[in-house]
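Computed from a predicted structure; not experimentally measured.
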Amino acid sequence: QVQLVESGGGLVQAGGSLRLSCAASGRTFSSYGMGWFRQAPGKEREFVAAISCGGGSRNYADSVKGRFTISRDNAKNTVYLQMNSLKPEDTAVHYCAAAHRCYGLEIFGSYDYWGQGTQVTVSS
């Protein structure tokens with residue numbers, strides 16, 4: 001069982017930056033593929049970014065490429081999402097997720113554990 005706790009959300013103006021963190025419990029963090037998803041009001045949860053177990057492979061949704069960066073520190077059991085050049089359409093609850101696999105992480109169904117989410121609000 002893995003528990004995930006997100007932090008770092010908040011209110012920011014368009015063009016600003018935020019860094020989300022997701023701390024994971026357990027001793028086998030490096031064996032999990034990690035991802036970030038988001039869900040805006042009235043919309044389905046969508047893929048944002050993912051990183052393989054060792055951190056060597058990263059994938060991004062087209063809507064965030066060039067603006068967001070996912071990274072992980074396996075020594076700290078933490079995955080990060082650096083969000084730059086934020087836009088109002090990035091407003092959503094952002095969720096961290098862990099998968100018992102290292103690839104194929106763009107797919108919602110690949111994930112086994114989810115955090116509670118952190119709100120990101122971007123004002124225009």
>> Tell me whether Arg45 forms a cation-pi arrangement with Tyr95, defined as NZ or CZ under 6.0 Å from the six-membered ring centre and within 45 degrees of its axis.
In response: yes
> Are Asp90 and Lys87 ion-paired here, with the side-chain N under 4.0 Å from a carboxylate O?
Replying inline: no
> Hey, does Phe29 have a side-chain heavy atom less than 4.5 Å from the side chain of Arg72?
Replying inline: yes
> Mind checking whether Val5 and Gln3 have side chains closer than 4.5 Å, heavy atoms only?
Replying inline: no
> Given the rule in the side chain to side chain contact (heavy atoms under 4.5 Å, CB included) test, do Arg38 and Ser63 qualify, once you have shown the distances and angles that lead to the verdict?
Replying inline: CA-CA 12 Å; Arg38 66 187 182 187; Ser63 59; 3.6 Å; yes
>> Check whether Thr78 reaches the backbone of Ala23 with its side chain - one donor and one acceptor, N or O, closer than 3.5 Å.
In response: no
> Does some side-chain heavy atom of Gln82 sit less than 4.5 Å from a side-chain heavy atom of Tyr80?
Replying inline: no
>> As a quick check of understanding, evaluate side chain to side chain contact (heavy atoms under 4.5 Å, CB included) for Tyr60 and Arg67, giving each step before the final call.
In response: CA-CA 10 Å; Tyr60 298 93; Arg67 300 188 298 122; over 6 Å; no
> Which residues satisfy the ring pair (Phe, Tyr, Trp, His ring centres under 6.0 Å) test with Tyr111, sequence neighbours excluded?
Replying inline: Phe37, Trp114
>> So for atom CD, which belongs to Gln116, do other residues, nucleotides or ligands contribute more than 12 heavy atoms lying within a distance under 6.0 Å?
In response: no
> In chain order, what residues pass the side-chain hydrogen bond (donor to acceptor under 3.5 Å, both in side chains) check against Lys43, with sequence neighbours excluded?
Replying inline: none
>> Quick check: do Tyr32 and Ile51 have side-chain heavy atoms less than 4.5 Å from each other?
In response: no
